[in-house]
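Throughout, residue positions are numbered sequentially from 1 according to the sequence presented. Note that the coordinates shown come from a computational prediction; the quantities given were computed from them, not determined experimentally.
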Amino acid sequence: MPPYLTFIDAGTNLQDMYATNYDPLLVLASIAVAIFSSYAAFRVAERISGTRMLYIKLAWITAGSLVLGGGAWSMHFIGMLALSLPCGISYDPLVTVLSMGPGILGTAVALTLIGQKQISLTQLLVGGAIMGLGVGTMHYAGMAALRMDAFMRYDPYIFALSILIAIILATLSIGIKFAIQRSGKRPSHISEAVRAAVMGLSISGMHYTGMLAVNFFPGDELSGSGVTLHPMAMGIAISLVMVVLVLMTLAAAFFGRYLDTFADLREEIQIRRKAETQIRKLSQAVEQSPTTIMITGTDGLIEYVNPRFCEITGYSVEEIIGANPRILKSGKMQKSEYGELWNTIKSGGTWRGEMLNKKKDGTPYWDLTSISPIKNSDGEITNFMAIKEDVTERKNTEESLLRSKEEAEYANSAKSHFLASMSHELRTPLNAIIGFADMLLMEVKGPLGNPSYKEYVSDIKNSGVHLSKILVDILDVSKIETGNVDLDEEYVVIPNVTSSCMRIVHPRSEEKGIMISENIPEGLPRLYVDTVKLKQILINLLTNAIKYTQNGGTVELTVVVGKDGKIAFHIIDNGIGMAAKDIPRALEPFGQLADVLTRDQEGVGLGLHLTKALVELHDGRLGIDSTLGEGTTVSVIFSAERTDSPPRPS
C-alpha cells in the first residue's frame, strides 16, 4: 500500500503525533463553498431535465459536474489551508490538479440521475454510492498531494465512517428532489436550499471526518522533492478556481437561456412543420373528398366549401362564400326540422339526418347530412361544419323499390282473393258434375246402353275429383297467404292421429304394391296443434311419398322425441328422390321438377308448399333430405313448448 494511505496498527506510538488546529473562519468558508457550489450545480441540473436534446443535456451535465466537482475540490483545499501543523506544508501541483478528477466524475453521475424525470431505488442507491466514493477519492487523493516533514497514519474505522457519511448524505441529497416530485408539490426556494445544504454537508462532512481519521507524526516519510506549491500559492490557486467556477455558473446561466431559446425555437419550428404537413394533408383530403363539406361561422354565413360542393349544387365558390345556407332550401321541409337542427348544434351536439335541398338550377336532391360545432381551446364554438353525401339516387331507388313492393303486395293480394273467389265459384259446378257422374255410374235412371259410356263417366268423375282437390289446395294456399287461417288448437294423442292418416293412404299404397309402415314409440307426450291441419300435413307427405316411390317400394312414418323435447315426424321412402339443388324449387308454389320420372305424375305442385305453410303456422320447421335415385326423408319438427312434458335430461 502507498505510504500516504497507511493505517494505524498496534505498533504505532500515538503519543508522538502532532497536535492539529483549525482556523474557524476558513472552516466556515470551506463549508459555504461546498453549499454554494451544490446549489449552483442543482440549478444547472434543472436545465438537464428541461431539455430533450442530447447534446444540450451533455453540455449541462458537463457544466454542472465542473461546478460541483470544482466546488468540492475548492472546499477540500480551503479546509486544508485551515489546518495548522508544527511543520512546514506544501503541495504537489500535479497530484493537486489530478485530485479534482474523481470528484467531477462522481458528481457527473449524480447530476445525470437528478436530471431524469423518474428514478428507481436501485438507481438512487448506486448513484449516491458513486457520488460519495467520488468525493471520498478526491479527498484522499488531495491528501496525497501534501508535502511536509511528517507522515500520516489513518484510523481505519473513522476512515470507513467518512466514506459512509459521504455516500449516505449524497444519496439523501439526490433523493430529496424525487421525494418532492412524488408529493406533487413544486420545489420551493427553501427545499432547493435544504437540498444544496445536504449535498454541501455531504462534501464537507466527508472532508472533516476524513481529517479526523488522519494522524500526523514527526518524520520525513512524505517529504517530497521537486516542484511544490506554497500554501500562499495554493490559496491563490483556489481563489482562481473559485473565480472560474463563478464565471462558469454565470456563463452557464447566460448560455443556458440562449440554448433553451434555441432549443425552444427549433422545437417550435419542428412542431410548425409537422402542423403544416398535417394541415396540408387535411386540406388535400377535404379538397378531394367525394362528400360535400361546408363550414359556416356562428352567424350561419358560409366561409368555406370544397370543390365537390360546387360540383353538386352548381354554385361557384364566389357565389356561395358569404351566403346563407338557406339558399339551398327546397321549401319541402318543415320549419321544426331546421329548428331542431340549430338547437342541437348550438348546444354543442351533432345533428344527423336527411335533407331535401335544391341546386342552383332548382333541381331537388337529397343530402345525408352531419353537422357538428367546431370549438377552440377554451371550448367556445367558433364555426359549424356540415359533411353531406348526395343520396338522391339511393332515395330514388328506395322509393322505386317501395312502390314495386306495394304493387307486388297488391298484386299478390288480388291474386289470392281472385283464387279464393274462383275456387269457391268453381267448386259448386264441379260438385254437381261429380254428383251427376255418380248417378250415371249407379244407373239410377236405367242402363247407359253402350259399355263405353260407363268408362267415359268414370273418367269424368275422376277428373272432377282431381280438379276439386286442386281447387281445395288453391283455396288453402290463398287463405294462408291472406292470413285468413284460424287454428283450432288442442292437445292431441299422436298415435291416434298417425293411425288415422295411415288408414286414409293405405288403399293408395296397396294399388302400387308399396309397403307402408309406422314406427311410433310408447309414452309420447301430447302435442298442442290443430288436429285437422296436422292430419293434412301428414296425409300430404305420405301421399307424396307413395306417389314418387316405384311399385314394390317402402314408405315409413316415424316419430322421435329429442333430448331438447322437440317432436319430429319423419316420412322416409326409397323412391326416386331428387337432387339437393332442386329441393328449394320443389317447395315453391306450383314448383314441379321436369324429371323423366316425375313429369307423368298428377298435380300442379302445391302440395309441399301448402304443407310447409301449415307447419310454419304451428311455429314448426319442415326439412327435406333427399338423394336422387335413392329416396327422400321429409321431417316435420315441432318445438318442445307444444308438448305437455318437459325436455329429457341430456
Does [X] reach the side chain of [Y], with side-chain heavy atoms less than 4.5 Å apart?
{"X": "Lys547", "Y": "Asn544", "result": "yes"}
{"X": "Val497", "Y": "Phe569", "result": "no"}
{"X": "Ile327", "Y": "Glu319", "result": "no"}
{"X": "Met578", "Y": "Tyr548", "result": "no"}
{"X": "Thr344", "Y": "Thr350", "result": "no"}
{"X": "Leu301", "Y": "Asn324", "result": "yes"}
{"X": "Thr531", "Y": "Lys535", "result": "yes"}
{"X": "Thr292", "Y": "Asp390", "result": "no"}

Please find the pair of heavy atoms, one from [X] and one from [Y], that lie closest to each other, and give the distance.
{"X": "Gln123", "Y": "Ser120", "value": "OE1-N, 3.0 Å"}
{"X": "Ile571", "Y": "Ala545", "value": "CG2-CB, 3.9 Å"}
{"X": "Leu527", "Y": "Leu534", "value": "CD2-CD2, 4.4 Å"}
{"X": "Asp644", "Y": "Pro525", "value": "OD1-CB, 3.4 Å"}
{"X": "Pro373", "Y": "Gly349", "value": "CD-O, 3.1 Å"}
{"X": "Leu617", "Y": "Arg642", "value": "O-NH2, 4.4 Å"}

Determine yes or no for a side-chain-to-main-chain donor-acceptor pair under 3.5 angstrom, with [X] supplying the side chain and [Y] the backbone.
{"X": "Asp367", "Y": "Thr369", "value": "no"}
{"X": "Asp573", "Y": "Gly631", "value": "no"}
{"X": "Thr392", "Y": "Trp366", "value": "yes"}
{"X": "Ser330", "Y": "Pro364", "value": "no"}
{"X": "Thr277", "Y": "Arg273", "value": "yes"}

Quick one: [atom1] on [X] to [atom2] on [Y], what's the gap to the nearest 0.5 Å?
{"X": "Gln536", "Y": "Leu541", "atom1": "CD", "atom2": "CG", "value": "10.5 Å"}
{"X": "Ile295", "Y": "Ile387", "atom1": "CD1", "atom2": "CD1", "value": "9.0 Å"}
{"X": "Ile371", "Y": "Met355", "atom1": "CD1", "atom2": "CE", "value": "5.5 Å"}
{"X": "Asn496", "Y": "Arg526", "atom1": "CG", "atom2": "CZ", "value": "11.5 Å"}
{"X": "Leu557", "Y": "Leu542", "atom1": "CG", "atom2": "CG", "value": "5.5 Å"}
{"X": "Tyr338", "Y": "Trp351", "atom1": "OH", "atom2": "CH2", "value": "8.5 Å"}

**Request:** Check step by step if ring pair (Phe, Tyr, Trp, His ring centres under 6.0 Å) holds for Phe384 and Trp342.
**Result:** CA-CA 10 Å; Phe384 298 108; Trp342 281 105; 5.8 Å; yes

Does [X] have more than 12 heavy atoms from other residues, nucleotides or ligands lying within 6.0 Å of its [atom1]?
{"X": "Lys566", "atom1": "NZ", "value": "no"}
{"X": "Gln270", "atom1": "CD", "value": "yes"}
{"X": "Glu393", "atom1": "CD", "value": "no"}
{"X": "Lys359", "atom1": "NZ", "value": "yes"}

**Item:** Residues Asp625, Thr632; criterion side-chain contact (heavy atoms from CB on, under 4.5 Å); working and verdict
**Value:** CA-CA 6 Å; Asp625 182 17; Thr632 302; over 6 Å; no

Determine, for [X] against [Y], whether the closest basic-nitrogen to carboxylate-oxygen distance falls under 4.0 angstrom.
{"X": "Lys612", "Y": "Glu616", "answer": "yes"}
{"X": "Glu311", "Y": "Arg308", "answer": "yes"}
{"X": "Glu354", "Y": "Arg394", "answer": "yes"}

**Request:** Classify the ring geometry between Tyr528 and Tyr491 as parallel (under 30°), tilted (30 to 60°) or perpendicular (over 60°).
**Result:**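 Judged by the thresholds at 30° and 60°, the geometry between Tyr528 and Tyr491 is tilted.
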
**Request:** Would you sort out whether Met385 and Ser372 count as a side-chain contact (heavy atoms from CB on, under 4.5 Å), showing the intermediate values?
**Result:** CA-CA 5 Å; Met385 181 172 67; Ser372 305; 5.6 Å; no

**Asked** Under the side-chain contact (heavy atoms from CB on, under 4.5 Å) criterion, do Ile624 and Leu608 qualify, and how do the steps go?
**Response** CA-CA 10 Å; Ile624 299 177; Leu608 275 177; 4.2 Å; yes

**Message:** Under a 3.5 Å cutoff, is there a donor and acceptor pairing between the side chains of Ser289 and Asn306?
**Reply:**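 Asn306 and Ser289 do not have a side-chain donor-acceptor pair below 3.5 Å.
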
**Request:** Check each of Thr643, Val529, Asp619 against Phe638 using the side-chain contact (heavy atoms from CB on, under 4.5 Å) test, and report the only one that passes.
**Result:**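 Only match with Phe638 under side-chain contact (heavy atoms from CB on, under 4.5 Å): Val529.
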
**Request:** Tell me, please, whether Tyr365 has Lys388 positioned over its six-membered ring: NZ or CZ under 6.0 Å from the ring centre and within 45 degrees of its axis?
**Result:**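 Judged by the rule, Lys388 and Tyr365 form no cation-pi pair.
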
**Request:** Mind running side-chain contact (heavy atoms from CB on, under 4.5 Å) on Val532 and Asp488 for me, showing each step along the way?
**Result:** CA-CA 8 Å; Val532 175; Asp488 184 14; over 6 Å; no

